[in-house]
Amino acid sequence: MDLSASQYSLVLVVEDEPSLSQVLEAYLRREGFRTERAFDGEAALRLFRATRPDLVLLDVTLPKLDGFEILRRIRQDGDTPVIMVTARVDDVDRLVGFRMGTDDYVTKPFNPPEVIERVKAVLRRTQPRDGGGPVLVAGLEIDSRGMQVKALGKRLDLTLSEFRLLELLARHPGRVFSRAELIQACLPESGALERVVDAHLNSVRRKLGAVGAADPFESVRGVGYRLMDGGDR
């Protein structure tokens with residue numbers, strides 16, 4: 001598993017062939033990615049806006065809205081990386097000729113491991129995870145290399161497990177993680193039960209409160225947690 005490339009990034013797989021989308025999801029998850037899946041263009045846009053994925057793996061030929069229209073709307077929204085998937089030569093000509101903003105493209109039939117390597121390459125190129133500086137979010141300053149956290153300029157004394165959980169949530173503000181995903185990402189060697197996540201995050205909350213900092217965590221009933229930046233509340 002190449003955690004340096006995935007870091008539990010979320011990939012939205014937009015593909016109307018169920019068997020193919022299942023294969024892509026299986027390969028992605030085996031490499032540590034989180035996935036969402038859409039089978040038509042309208043569902044793809046709804047999921048894109050709801051989940052804010054790190055990358056979109058986007059088929060060209062789809063029901064309701066085709067991949068080019070989805071790409072156009074994604075580009076109106078921002079610069080989320082997109083890899084287009086097509087089985088038609090004329091679509092490749094359009095992608096190359098018009099440079100619509102896709103970060104890469106693959107043609108069918110393809111080798112799934114090759115697609116995963118392209119996903120990793122695009123994420124490394126467009127979303128470097130460790131630029132050397134701290135993560136600044138929700139009034140927190142998180143130094144991944146030094147494994148230190150400051151709130152309101154005051155250093156928090158966190159355990160390793162607490163730091164891992166806070167860092168992962170802070171790198172994906174607004175995104176909901178299930179308790180199982182948090183354990184897999186941050187406590188894989190512990191064999192911890194899901195309720196242990198609650199205990200760790202409650203401990204972080206108490207330590208934040210002790211220095212007068214706001215609680216950045218939101219519990220999502222029946223699912224897990226997300227970290228909310230100040231502007232998201």
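Atom set for the values below is all heavy atoms of this structure, side chains included, hydrogens, waters and symmetry mates excluded.
Here the straight-line distance linking atom CG of Leu136 with atom CG of Asp143 works out to 10.5 Å at 0.5 Å rounding. Here the straight-line distance linking atom CG of Leu62 with atom CD of Glu69 works out to 12.0 Å at 0.5 Å rounding. Taken to the nearest 0.5 Å, the CG atom of Leu28 stands 9.5 Å off from the NZ atom of Lys120. Taking CZ of Arg72 as the start and CD1 of Ile70 as the end, the distance is 11.0 Å to the nearest 0.5 Å. Rounded to the nearest 0.5 angstrom, Ile74 CD1 and Leu12 CG are separated by 7.5 Å. The CG atom of Leu140 sits 6.0 Å away from atom CG of Leu208, with the distance rounded to the nearest 0.5 Å.
With salt bridges taken as basic N to acidic carboxylate O contacts below 4.0 Å, none links Asp16 and Lys64. A salt bridge between Lys108 and Asp59 is present, with a side-chain N of the basic residue lying under 4.0 Å from a carboxylate O of the acidic one. The pair Arg164-Glu167 fails the salt-bridge criterion, with no side-chain N (NZ, NE, NH1 or NH2) lying under 4.0 Å from an Asp/Glu carboxylate O. Between Arg175 and Glu181 there is no salt bridge, since none of the side-chain N atoms of the basic residue sits less than 4.0 Å from a carboxylate O of the acidic one.
Counting all heavy atoms, side chain and backbone alike, Arg118 lies closest to Tyr105 at NH1-O, 2.7 Å. Nearest heavy-atom pair, Ala43 versus Ala38, reported as atom, atom and distance to 0.1 Å: C-CB, 4.0 Å.
Glu17 places no side-chain N or O within donor-acceptor distance of the main-chain N or O of Ser19, the cut-off being under 3.5 Å. The main-chain N or O of Leu10 is found under 3.5 Å from a side-chain atom of Asp54 such that the two form a donor-acceptor pair.
In this structure, Glu162 and Val149 have side chains that are not in contact, with every pair of non-hydrogen atoms separated by 4.5 Å or more. Using a 4.5 Å heavy-atom cutoff, the side chains of Lys207 and Leu158 are in contact. Met84 places a side-chain heavy atom less than 4.5 Å from the side chain of Leu71. Looking at Val14 and Val85, their side chains never come closer than 4.5 Å, going by heavy atoms from C-beta outward. Contact annotation: the side chain of Glu117 never approaches that of Pro113 to less than 4.5 Å [non-hydrogen atoms, C-beta and beyond].
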**OP:** Take Val82 and Arg75 through the side-chain contact (heavy atoms from CB on, under 4.5 Å) test and state the conclusion after the steps.
**Re:** CA-CA 9 Å; Val82 176; Arg75 284 292 165 263; 3.8 Å; yes

**OP:** Check the pair Arg179 / Tyr225 against side-chain contact (heavy atoms from CB on, under 4.5 Å), numbers first and verdict last.
**Re:** CA-CA 7 Å; Arg179 291 172 176 82; Tyr225 291 92; 4.0 Å; yes

Original post:
Do Arg37 and Gln22 pass the side-chain contact (heavy atoms from CB on, under 4.5 Å) test, and can you show the C-alpha distance, the side-chain angles, and the key distance before you say yes or no?
Top reply: CA-CA 9 Å; Arg37 189 195 319 176; Gln22 289 171 5; 3.5 Å; yes

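Linking ILVMFWY residues whenever their side-chain heavy atoms come closer than 4.5 Å, directly or via other members, places Val122 and Phe110 in the same cluster. Put simply, Phe217 and Val211 are part of the same group of oily side chains (I, L, V, M, F, W, Y) that touch within less than 4.5 Å, one to the next. The same ILVMFWY cluster, assembled from side-chain heavy atoms under 4.5 Å apart, contains both Ile83 and Tyr27. Taking hydrophobic clusters as Ile, Leu, Val, Met, Phe, Trp and Tyr residues chained together by side-chain heavy-atom distances below 4.5 Å, Val176 does not share a cluster with Leu55. The hydrophobic cluster containing Leu168 also contains Leu156, counting ILVMFWY residues as joined when their side-chain heavy atoms lie under 4.5 angstrom apart, directly or transitively.
Glu25 and Thr35 share a side-chain donor-acceptor pair at under 3.5 Å.
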